[in-house]
Amino acid sequence: MKTRLSHGSPHSRGDPRYTWILTSLAIVTFALIILYKLHSLVPELQEPPTSSVPFPTVSKPKDPPSKIAFLFLVRHQMPLDFLWEHFFQGAGEDEYTVYIHARPGYVYTKNNTKCSAFIDRQLKKPVLVEWGEASMLQAERLLLEEALKDPHNQRFILLSDSCVPLYNFRYIYDYVMFCQKSFVDSFTDARDVRYNHKMAPAIWKEKWRKGSQWFVLIRKHAVAVVKDTTVFPVFKRYCKRMSLPEFSGSVENNWNHNCIPDEHYLQTLLAMLFR
């Protein structure tokens, strides 16, 4: 028996559908070959050459650098001014400012100082300072108040006429500006007898601190000192040095303890506000 092939099979060579499939595959293959040839003839894309003439840009004004305020709390002449002259020679004029609190009426000129940065830098309205009195605190506050008028002053260093720089200006500037904290000598004295209980409730015993009056403050702490209207009046009234025997007859001066305001004020204020 002979087997007859079905003419309806899709694999039959005479089927038009089979012919259409082969033709389509041939066209696609031919197109891919053409695209490959064209691609081999086109060089790789490169970055467009930069123009020698730059596009115009709007330059942003550069902010002036932050400054250090050097606050000198002195009597009159500064015997070590020649060292400060050498120190400030390594500084830019926009990196520091000098403020001097001297006795009323004293003016710094080229005739009485060897440091050009001191000339005419005294406060216009100083107070008469007495050691161990609240007037010392008042002078410090006046220096800070004047320095805070310049928004570029970001660090505030309190100095005396006997202070000298141990490093050059660049080292001091970079170190102080890098540190984001104030430098204040502050500690709790377990044997303290200077605290006056009449200071409470404005100042409690647990917030009472002691330390050296010289400091380096960041701007936030300097603002806090100037804005203080609570602690300073209490110090002015109750923290006083012990009077000499010949002046201790009056009730006002008869203190049973010796309180030096500049050794307690800043330390106590910061302990109350930021701890």
Side-chain angles (χ1 to χ4, degrees), residues 69 71-75 99 101 103-104 123 125-148 155-163 180-275:
L71 315 177
F72 288 89
L73 181 56
V74 301
R75 290 180 288 271
Y99 303 88
H101 185 286
R103 61 177 173 80
L123 299 187
K125 296 181 179 180
V127 295
L128 185 62
V129 176
E130 294 185 28
W131 180 85
E133 297 291 342
S135 56
M136 184 79 73
L137 303 180
Q138 189 176 357
E140 295 178 12
R141 287 160 56 92
L142 287 174
L143 284 167
L144 288 171
E145 182 179 3
E146 187 67 22
L148 284 170
R155 300 293 184 271
F156 306 81
I157 304 179
L158 182 65
L159 301 159
S160 72
D161 52 4
S162 60
C163 291
Q180 300 301 312
K181 297 181 179 180
S182 295
F183 293 86
V184 178
D185 178 33
S186 178
F187 61 93
T188 302
D189 187 359
R191 298 177 296 178
D192 178 79
V193 294
R194 293 181 175 181
Y195 176 77
N196 190 334
H197 291 278
K198 294 182 180 179
M199 295 180 176
I203 304 173
W204 294 106
K205 174 68 174 179
E206 57 267 22
K207 294 296 183 178
W208 185 253
R209 299 291 186 272
K210 183 180 180 181
S212 172
Q213 74 177 109
W214 315 109
F215 57 71
V216 179
L217 296 182
I218 60 176
R219 190 173 180 91
K220 178 178 70 173
H221 293 159
V223 171
V225 173
V226 173
K227 287 187 174 182
D228 169 42
T229 58
T230 302
V231 178
F232 176 67
V234 175
F235 264 78
K236 190 175 181 180
R237 182 175 182 181
Y238 294 114
C239 183
K240 300 181 180 181
R241 62 183 173 86
M242 185 179 295
S243 301
L244 296 175
E246 57 268 27
F247 299 107
S248 60
S250 64
V251 177
E252 182 68 20
N253 291 327
N254 189 17
W255 297 93
N256 58 5
H257 64 280
N258 190 31
C259 184
I260 309 300
D262 55 81
E263 294 182 358
H264 298 275
Y265 170 68
L266 179 62
Q267 294 78 2
T268 302
L269 176 64
L270 295 182
M272 293 176 59
L273 296 179
F274 299 100
R275 290 187 181 181

Compare all side-chain heavy atoms of [X] with those of [Y] and state whether any distance is below 4.5 angstrom.
{"X": "L142", "Y": "E145", "value": "yes"}
{"X": "E140", "Y": "L266", "value": "no"}
{"X": "F72", "Y": "S160", "value": "no"}
{"X": "I203", "Y": "M272", "value": "yes"}
{"X": "P104", "Y": "L128", "value": "yes"}
{"X": "K205", "Y": "M199", "value": "no"}

Less than 6.0 angstrom separating the ring centers of [X] and [Y], yes or no?
{"X": "Y195", "Y": "H197", "value": "yes"}
{"X": "W208", "Y": "F235", "value": "yes"}
{"X": "H221", "Y": "F156", "value": "no"}

- [ ] Applying side chain to side chain contact (heavy atoms under 4.5 Å, CB included) between L73 and each of D262, D161, L143, report the one that passes.
- [x] L143
- [ ] Sort out for me which residue in V216, L217, I157 forms a side chain to side chain contact (heavy atoms under 4.5 Å, CB included) with F183.
- [x] V216
Open item on the list: So does S212 get a backbone contact from the side chain of D185, meaning a donor-acceptor N/O pair under 3.5 Å?
Closed with: yes
Open item on the list: Check whether R75 reaches the backbone of R103 with its side chain - one donor and one acceptor, N or O, closer than 3.5 Å.
Closed with: no
Open item on the list: Working note: L148 + R219, criterion side-chain contact (heavy atoms from CB on, under 4.5 Å); need CA distance, chi angles, decisive distance, verdict.
Closed with: CA-CA 8 Å; L148 284 170; R219 190 173 180 91; 3.7 Å; yes
Of all heavy-atom pairs between [X] and [Y], which one has the smallest distance, and what is that distance?
{"X": "H264", "Y": "C259", "result": "CD2-SG, 4.4 Å"}
{"X": "G211", "Y": "F187", "result": "CA-CE2, 3.9 Å"}
{"X": "A139", "Y": "V129", "result": "CB-CG2, 3.7 Å"}
{"X": "P261", "Y": "A134", "result": "CG-N, 4.0 Å"}

Measure the spacing between [atom1] of [X] and [atom2] of [Y] and express it to the nearest 0.5 Å.
{"X": "K220", "Y": "L273", "atom1": "NZ", "atom2": "CG", "result": "10.5 Å"}
{"X": "T188", "Y": "K210", "atom1": "OG1", "atom2": "NZ", "result": "11.5 Å"}
{"X": "L159", "Y": "Y99", "atom1": "CG", "atom2": "OH", "result": "14.0 Å"}
{"X": "W214", "Y": "L158", "atom1": "CH2", "atom2": "CG", "result": "5.0 Å"}
{"X": "R194", "Y": "I260", "atom1": "CZ", "atom2": "CD1", "result": "5.0 Å"}

TODO: State, without any angle test, whether Q213 and E263 hold a side-chain donor-acceptor pair at a distance under 3.5 Å.
DONE: no
Open item on the list: Looking only at the side chains, is there a donor atom on one of R209 and Y265 sitting less than 3.5 Å from an acceptor on the other?
Closed with: no
TODO: Would you check, one step at a time, whether the test side-chain contact (heavy atoms from CB on, under 4.5 Å) holds for N258 with K240?
DONE: CA-CA 7 Å; N258 190 31; K240 300 181 180 181; over 6 Å; no
- [ ] Could you walk me through whether E146 and H101 pass side-chain contact (heavy atoms from CB on, under 4.5 Å), step by step?
- [x] CA-CA 10 Å; E146 187 67 22; H101 185 286; over 6 Å; no
TODO: List the steps and the verdict of side-chain contact (heavy atoms from CB on, under 4.5 Å) for R155 and S182.
DONE: CA-CA 9 Å; R155 300 293 184 271; S182 295; over 6 Å; no
